[in-house]
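Structure first, commentary second.
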Amino acid sequence: MKKIFSGEVFEVMPLTGGIIFSYCKDVIEENTIVAYKMISFENGHFTDVAKNIYLLTKFGNNYKAVAAICGNYISARSIVLPNGKVFLLLPDGTAQLLDIDASPIWTGELKYRGFNASDIALYKNALWASFAECNVLLRYNLATMREELRIGGNKSPFDKPQSLFIDGDSVMVSNAGSNKLVQVDLNSYNVFEYEQFSEPVRQYVKVGDNRFAVLDSGLYLI
């Protein structure tokens with residue numbers, strides 16, 4: 001495992017042939033200065049990118065309108081659906097399905113036992129959400145937004161599951177509490193411990209043969 005960026009990384013997103021990520025550039029009088037970088041797998045170079053490029057990747061073509069809805073767009077989680085609609089999760093648990101013009105189609109909450117969802121991921125026609133405080137993953141029907149399945153609970157294979165990443169027919173779960181990456185087979189729902197880290201793992205992303213982990217100390221190429 002190789003550290004490729006030191007510092008606080010907020011979110012990594014896959015690109016065709018690379019990744020883009022937001023990070024803390026500086027803190028001035030308690031105000032966080034956010035900046036953005038892109039890595040190209042073709043040459044391995046880091047490139048500073050504008051906020052609009054980051055927002056386009058995160059929210060799709062109507063990114064300005066979606067970002068305005070978020071308020072704090074860094075802490076929001078989003079899925080750009082194949083039809084151009086956007087599913088949005090805000091830190092307070094508020095969730096919205098937005099049409100291509102950013103008008104709301106559905107508004108509700110992703111909560112479990114009073115706690116807000118930490119992250120979301122799309123697999124086929126189902127929405128998965130992690131709940132770090134409850135050690136639970138929930139599956140929702142995207143058409144009805146009804147809860148269909150729960151994994152975890154009192155005897156849970158998860159320990160503060162923060163981030164979700166769909167890899168084929170599995171969801172990779174970043175467990176900040178146990179420093180472990182856990183794999184859940186989305187056909188059998190079997191759970192496997194996949195990888196152990198020396199500090200909390202906040203996010204995992206795979207692009208082609210390249211795998212990345214966000215730890216408290218920075219961004220790593222696994």
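In what follows, residues are counted from 1 in the order of the sequence shown.
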_Classify the ring geometry of Y73 against Y54: parallel below 30°, tilted from 30° to 60°, perpendicular beyond 60°._
tilted

*Honestly curious: do L110 and I105 fall in one hydrophobic cluster under the side-chain, below-4.5 Å linking rule?*
yes

_Set of residues satisfying salt bridge (charged side-chain N to carboxylate O under 4.0 Å, His left out) with respect to K85, sequence neighbours excluded_ = none

*Does CD in Q196 sit with more than 12 non-hydrogen atoms of other residues, nucleotides or ligands closer than 6.0 Å?*
yes

_Applying side chain to side chain contact (heavy atoms under 4.5 Å, CB included) to W128 and L149, what does each step give before you reach the verdict?_
CA-CA 9 Å; W128 286 87; L149 181 72; 3.7 Å; yes

_So does P91 get a backbone contact from the side chain of N116, meaning a donor-acceptor N/O pair under 3.5 Å?_
yes

*Would you find more than 12 non-hydrogen atoms of other residues, nucleotides or ligands less than 6.0 Å from D216 atom CG?*
yes

*Work out which heavy atom in P104 is nearest to a heavy atom in Q96; give both atom names and the distance.*
CB-OE1, 3.6 Å

*What are the two closest heavy atoms between I151 and F158, and how far apart are they?*
O-CE1, 3.5 Å

_With side chain to side chain contact (heavy atoms under 4.5 Å, CB included) as the criterion, how do L137 and F131 come out once you've worked through the C-alpha distance, each side chain's angles and the decisive distance to 0.1 Å?_
CA-CA 6 Å; L137 301 190; F131 294 82; over 6 Å; no

*With a 4.5 Å limit on heavy-atom distance, are the side chains of Y194 and D167 in contact?*
no

_Pair K160, E133 - check side chain to side chain contact (heavy atoms under 4.5 Å, CB included), show working._
CA-CA 6 Å; K160 298 193 180 303; E133 301 302 323; 4.1 Å; yes

*Do any N or O atoms from the side chain of N175 and from the backbone of D159 form a donor-acceptor pair under 3.5 angstrom?*
yes

*asked:* More than 12 heavy atoms of other residues, nucleotides or ligands under 6.0 Å from CD1 of I222: yes or no?
replied: yes

*Check P161 against V173 and note the closest heavy-atom contact, atom names and distance.*
CB-CG1, 3.4 Å

*Can a salt bridge be assigned to the pair R77 and E11 using a cut-off of 4.0 Å between side-chain N and carboxylate O?*
yes

*Do side-chain atoms of K58 reach the backbone of Y63 as a donor and acceptor pair under 3.5 angstrom?*
no

*When rounded to the nearest 0.5 angstrom, what is the spacing between OG1 in T57 and CG in N52?*
10.5 Å

_Less than 4.5 Å apart, side chain to side chain, heavy atoms only: is that true for Q162 and V201?_
no

*Do L221 and N210 touch side chain to side chain, with heavy atoms closer than 4.5 Å?*
yes

_Checking the side chain of S130 only, and the main-chain atoms of D119 only, is there a donor and an acceptor separated by less than 3.5 Å?_
yes

*Same hydrophobic cluster for F192 and L186, using side-chain heavy-atom links shorter than 4.5 Å among ILVMFWY?*
no

*asked:* Please give me the minimum heavy-atom distance between L88 and C70, naming the atom from each residue.
replied: CD1-SG, 3.5 Å

_Side chains of M172 and R211, heavy atoms from C-beta outward: is any pair under 4.5 Å?_
no

*Are side-chain heavy atoms of L215 and M1 found at a separation under 4.5 Å?*
yes

*Are L127 and V136 connected, step by step, through hydrophobic side chains (Ile, Leu, Val, Met, Phe, Trp, Tyr) whose heavy atoms are closer than 4.5 Å?*
yes

*Donor-acceptor pair, N62 side chain versus D101 backbone, under 3.5 Å?*
yes

*Could you check if a side-chain atom of L98 sits within less than 4.5 angstrom of a side-chain atom of F59, using non-hydrogen atoms only?*
no

*So how far is it from D48 CG to K25 NZ, rounded to the nearest 0.5 Å?*
7.0 Å

*CG of L122 to CG of L81: how many Å apart, nearest 0.5 Å?*
6.0 Å

_Taking the side chain as everything from C-beta on, heavy atoms only, tell me whether F10 gets closer than 4.5 Å to Y36._
no

*Can you establish whether the number of heavy atoms outside E199 located under 6.0 Å from its atom CD is more than 12?*
yes

_I need the F165 CZ to L181 CG distance, nearest 0.5 Å._
10.5 Å

*Are M13 and I39 connected in a single hydrophobic cluster, I mean Ile/Leu/Val/Met/Phe/Trp/Tyr linked by side-chain heavy atoms less than 4.5 Å apart?*
no

*Provide the closest heavy-atom pair for C24 versus T32 in the form atom of the first, atom of the second, distance.*
SG-CG2, 3.8 Å

*Donor-acceptor contact below 3.5 Å, side chain K51 vs main chain V34*: no

*For D92, does its backbone N or O pair with a side-chain atom of K111 as donor and acceptor, under 3.5 Å?*
yes

_Counting only heavy atoms from other residues, nucleotides and ligands, does the tally under 6.0 Å from NZ of K3 exceed 12?_
yes

*Between atom CG of L219 and atom CZ of R202, what is the distance when rounded to the nearest 0.5 Å?*
14.5 Å

*Using the six-membered ring wherever Trp is involved, compare the ring planes of F5 and F46 and label them parallel, tilted or perpendicular (cut-offs 30° and 60°).*
parallel

*Atom CD1 of I19 and atom OG of S40: how far apart are they, to the nearest 0.5 Å?*
10.5 Å

*Linking I/L/V/M/F/W/Y whenever any side-chain heavy atoms sit under 4.5 Å apart, do L89 and Y112 land together?*
yes

*If you look at every heavy atom in G152 and P157, which pair is closest and at what distance?*
CA-CD, 4.1 Å

*After noting the C-alpha distance and the side-chain angles of V171 and Y123, does the key distance pass the side chain to side chain contact (heavy atoms under 4.5 Å, CB included) rule?*
CA-CA 9 Å; V171 59; Y123 176 72; over 6 Å; no

*Examine distances only and state if a side-chain atom of D185 and a backbone atom of N187 form a donor-acceptor pair shorter than 3.5 Å.*
yes

